[in-house]
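Structure first, commentary second.
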Amino acid sequence: MDPGRRRDYVQPMHDVRYVVDNLDEVRARLARRSDEAAKLLDPVSDLAGERRRLIAAAQEKQAARNTASKEMAGLDKSSEAFAQRRASLKTLSQEVKDIEREQTEVQTKLDSILATIPNLPDPSVPDGVSEDDNAVVHVWGEPKSYDFEPKAHFDIGPELGILDFERAAKLSGPRFVVEVGMGARLERALINFMLDLHTKEHGYTEVAPPYLVKDTTLYGTGQLPKFEEDLFKTRKSDPERSYDLYLSPTAEVTLTNLHQDEILDGADLTRAYCAFTPCFRSEAGSHGRDVRGMIRQHQFNKVELVRVCRPEDSMDELENLTRHAETVLERLGLHYRRVALCTADLGFGAVKTYDLEVWLPSQEKFREISSCSNCGDFQARRAKIRYRTEKGKKPQLVHTLNGSGLAVGRTLVAILEQGQRADGSVEVPEALRPFMGVDVITGA
RNA sequence: GGAGGAGUGGCCGAGUGGUCGAAGGCAGCGGUUUUGAAAACCGCCGUAGGGGUGACUCUACCGGGGGUUCGAAUCCCUCCUCCUCCGCCA
């Protein structure tokens, strides 16, 4: 944790007062995720009461101390009265400190509990116990029919000489890929195509953020403290440095935290940012899943979309953002569907999430290529991102949204698989041809 | 890597132990004046957390954390960030 920036080591993800005042409602909403999530609430009410009691007690003592201290300022320092006063105040001062210490302890305990409680699902999120309960919202396009057995990208790519998994393993181990020739160009074409679309047509501001981030930044968006095992942590080159740097797992982290600790002008909302970055994930818990090919890599490129808006706009903004991501797939002519994640599959910080899933003919399955979430005020509370409509009015927490627009590697996979032809070549989607310079990929 | 300097409210900036939540200025808001505008003058103008139905009131916060003290923006420790000079480097 970075002690230079944050006041508290663990930021609560929920508004204590709201949780305590609406305990039953909050519990019911959490129970839609799981019983375990709802159980986390049990100690909250008592701790909140204790906290309140201690605050009142501390303030009373503090007020008394302050009054007495002010009187001392007017006394003759060498006088007998001064010495007596000082002695009696010493006791009072100690009492204040004791209560303050107790208060800090309770506050810390309360905050760390609140930090582990996931966000409350929106009423429109379907109930469910597993990803099988996700609801298909719509399907775009149709699966192409092939007069041959469609191959997987991890066969198509190496046969064309544009993807090289063996040499990647030599260099970096499993879950990496080397793209060669037209493969590398396809990657770059996709990045440019996506960035152009979002900046020129969808109004996003392009950002090129750092790829290494401090732990505090990861707290802001909720990757820490719960998901440390998913991250690559760097070693300190400078032993003097007190904080750790992590490889960013997604540009959501940097884009959302851009306005950490700021009060934005309400007139500037909604803010829309997009960024192309590599993303790094340890995939610690996914042994044996998607081991072949580039579906699940330690390093992959992604164009990320982030929107920062007023609370009343966030549900509309989720539709906007999701449409922006879908537009990429549609321009590329890729068959996909949109699903609304059910309560069981919803991410930790999300109020509501749509996944976009692209069709992979080799697997005859839809695979996730984008995840678009409304995080409500969850991240804003941690990262202290607020806005003000009018001068003098109280600042309010913004709502934050993020989504992939899209995961570049998986898009490349989809193009190879959906565009493959009997002779092993791959048709380049029309929208991409200006960026590629060719209509068909026939080799590296 | 070596040597120094600095961080105060939206911005600038004063303040080295008590009456300082903090002078002064700029920006902003309201008002007086004016045919209108400008100028001038007057007032307002940080965030968070308690208590109260409420008018209101209390507490905390001068980069973060900790310490010294009856009392800290001010003294000490530590971390963060920024700047200057030298060296190295894409």
Side-chain angles (χ1 to χ4, degrees), chain A residues 1-12 14-21 47-108 110-111 114 208 210-220 236-246 257-268 377 380-398:
Chain A
M1 198 68 207
D2 165 20
R5 200 72 193 128
R6 286 256 163 249
R7 177 163 311 184
D8 305 305
Y9 271 27
V10 180
Q11 295 292 314
H14 290 279
D15 179 5
V16 197
R17 198 184 301 188
Y18 183 84
V19 170
V20 171
D21 290 350
L47 280 171
E50 181 68 358
R51 169 182 165 273
R52 184 174 295 201
R53 187 186 68 74
L54 287 166
I55 285 175
Q59 290 189 351
E60 201 179 308
K61 299 263 186 203
Q62 280 166 341
R65 185 194 63 189
N66 290 349
T67 316
S69 273
K70 271 182 187 157
E71 284 170 26
M72 289 205 56
L75 290 176
D76 176 4
K77 288 192 176 59
S78 55
S79 69
E80 184 74 13
F82 187 91
Q84 278 177 7
R85 262 333 245 284
R86 189 170 62 191
S88 72
L89 268 184
K90 197 162 188 166
T91 319
L92 180 60
S93 194
Q94 191 53 49
E95 286 171 10
V96 170
K97 276 180 191 167
D98 289 345
I99 296 177
E100 281 176 342
R101 189 167 300 120
E102 227 180 311
Q103 188 194 324
T104 309
E105 271 171 35
V106 171
Q107 182 80 54
T108 306
L110 186 58
D111 286 349
L114 289 171
Y211 307 151
L212 286 167
V213 291
K214 291 195 209 177
D215 42 14
T216 30
T217 310
L218 292 159
Y219 275 90
K236 287 186 222 180
S237 52
D238 180 0
E240 303 286 304
R241 199 181 63 211
S242 72
Y243 57 87
D244 297 315
L245 285 172
Y246 292 81
N257 280 295
L258 228 40
H259 294 298
Q260 185 184 86
D261 262 321
E262 291 183 26
I263 298 174
L264 302 168
D265 186 343
D268 292 344
D377 63 11
R381 177 169 294 107
R382 302 200 109 193
K384 293 202 186 104
I385 311 169
R386 292 170 293 176
Y387 78 101
R388 185 163 15 216
T389 339
E390 280 173 64
K391 259 214 135 52
K393 284 229 171 147
K394 260 185 163 297
Q396 272 187 277
L397 292 168
V398 299

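Side chains are part of it too, since the values below use all heavy atoms of this structure and drop only hydrogens, waters and symmetry mates. Proteins get letters first, then strands, A, B, ... in listed order; numbering begins at 1 in each.
Note on A/Ser93: a side-chain N or O is less than 4.0 Å away from OP1 or OP2 of B/G71. Residue A/Arg17 places no side-chain N or O under 4.0 Å from the OP1 or OP2 atom of B/G49. Of the side-chain N and O atoms in A/Lys61, none sit less than 4.0 angstrom from OP1 or OP2 of B/C70. Checking the phosphate oxygens (OP1, OP2) of B/G65, no side-chain nitrogen or oxygen of A/Tyr243 falls inside 4.0 Å. For A/Arg52 and B/G51, the shortest distance from a side-chain N or O to OP1 or OP2 is below 4.0 Å. OP1 or OP2 of B/U47 lies within a sub-4.0 Å distance of a side-chain N or O belonging to A/Arg388. Of the side-chain N and O atoms in A/Arg386, one or more sit less than 4.0 angstrom from OP1 or OP2 of B/A48.
Both A/Thr67 and A/Lys90 lie near RNA chain B, and the one whose nearest nucleotide falls closer to the 5' end is A/Thr67.
A/Tyr243 contributes atom OH, which lies 9.5 Å from atom CG of A/Asp215 (distance to the nearest 0.5 angstrom). Taking CZ of A/Arg52 as the start and CZ of A/Arg17 as the end, the distance is 7.0 Å to the nearest 0.5 Å. Residue A/Arg386 holds its CZ atom at 8.0 Å from NZ of A/Lys384, rounded to the nearest 0.5 Å. Remark: A/Ile99 CD1 to A/Gln103 CD distance equals 9.0 Å, nearest 0.5 Å.
When A/Val398, A/Leu114, A/Asp15 are each tested for a side-chain contact (heavy atoms from CB on, under 4.5 Å) with A/Arg381, only one passes: A/Asp15. A side-chain contact (heavy atoms from CB on, under 4.5 Å) with A/Val16 is found for one member of A/Leu47, A/Leu110, A/Asp21 and no other, namely A/Leu110.
Rounded to whole angstrom, the span from the CG atom of A/Asp261 across to the P atom of B/C61 amounts to 18 Å. Rounding to whole angstrom units, CD1 of residue A/Ile263 and P of B/G28 are separated by 19 Å. Look at CZ on A/Arg101: it is 17 Å from P on B/A60, rounded to the nearest Å. We find that CZ of A/Arg381 is positioned 12 Å from P of B/A48, with the value rounded to whole Å. Computed from coordinates, the A/Asp265 CG to B/G28 P distance equals 14 Å when rounded to whole Å. In this entry the distance linking CD of A/Glu262 with P of B/U47 reads 16 Å, nearest Å. Between the CD atom of A/Gln62 and the P atom of B/G51 there is a distance of 15 Å, given to the nearest Å. One interatomic measurement links the two molecules: CZ of A/Phe82 to C1' of B/C70, which rounds to 7 Å at whole-angstrom precision.
Looking only at distances, a side-chain donor or acceptor of A/Asn257 sits under 3.5 Å from a matching main-chain atom of A/Thr217.
B/G28 and B/C45 have their C1' atoms separated by 8 Å, with the value rounded to a whole Å. Atom name P, nucleotides B/G25 and B/G13: the rounded distance is 16 Å, in whole Å. Distance check on atom C1': B/G15 versus B/U33 gives 37 Å, rounded to whole Å. Rounded to the nearest Å, the gap between the P atom of B/G7 and that of B/G64 is 13 Å. Taking atom P on both B/A73 and B/C62, the two are 6 Å apart, rounded to the nearest angstrom. B/U16 sits 14 Å from B/C76 when the P atoms are compared, rounded to a whole Å. Between the P atoms of B/C61 and B/G66, the separation comes to 11 Å (whole Å). B/U32 and B/G50 are spaced 40 Å apart, taking the C1' atom of each and rounding to whole Å.
When base pairs are accepted only as Watson-Crick or G-U wobble with both N-N or N-O distances under 3.5 Å, RNA chain B takes part in stems of 3 or more pairs at B:1-7 with B:80-86, B:10-12 with B:24-26, B:28-32 with B:40-44, B:46-51 with B:56-61, B:63-67 with B:75-79.
A/Gln62 and A/Asn66 are not linked by any side-chain donor-acceptor pair at a separation below 3.5 angstrom, with hydrogens and angles left out of the test.
The listed nucleotides are B/G50, B/G18, B/A60; the one nearest the side chain of A/Met72 is B/G18. For A/Ala73, whose side chain is taken as the heavy atoms from C-beta onward, the closest listed nucleotide among B/U19, B/G50, B/G18 is B/G18. Closest to the side chain of A/Ile55, from the set B/G49, B/G71, B/U81, is B/G49. Which of B/C70, B/G50, B/A60 sits closest to the side chain of A/Asn66 comes down to B/A60.
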Enumerate the protein-to-nucleotides 53-58 of chain B contacts in which both atoms are nitrogen or oxygen and the separation is below 3.5 Å.
none

Check residues 80-90 of chain A and write down every donor-acceptor pair under 3.5 Å in which the side-chain atom is one partner and the other belongs to a residue at least two apart or another chain.
unit_1	atom_1	unit_2	atom_2	d
A/Arg85	NH1	A/Glu71	OE1	3.3
A/Arg85	NH2	A/Glu71	OE1	2.5
A/Ser88	OG	A/Arg85	O	3.0

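At a threshold of 4.0 Å, the pair A/Glu100-A/Lys97 does not count as salt-bridged, since none of the basic side-chain nitrogens sits closer than that to a carboxylate oxygen.
Using a 4.0 Å heavy-atom criterion, one finds that A/Arg53 contacts no nucleic acid atom at all. If you check every strand for non-hydrogen atoms under 4.0 Å, A/Lys97 touches a base.
For A/Leu245 against A/Lys214, the heavy-atom pair with the smallest separation is CD2-N, 3.8 Å.
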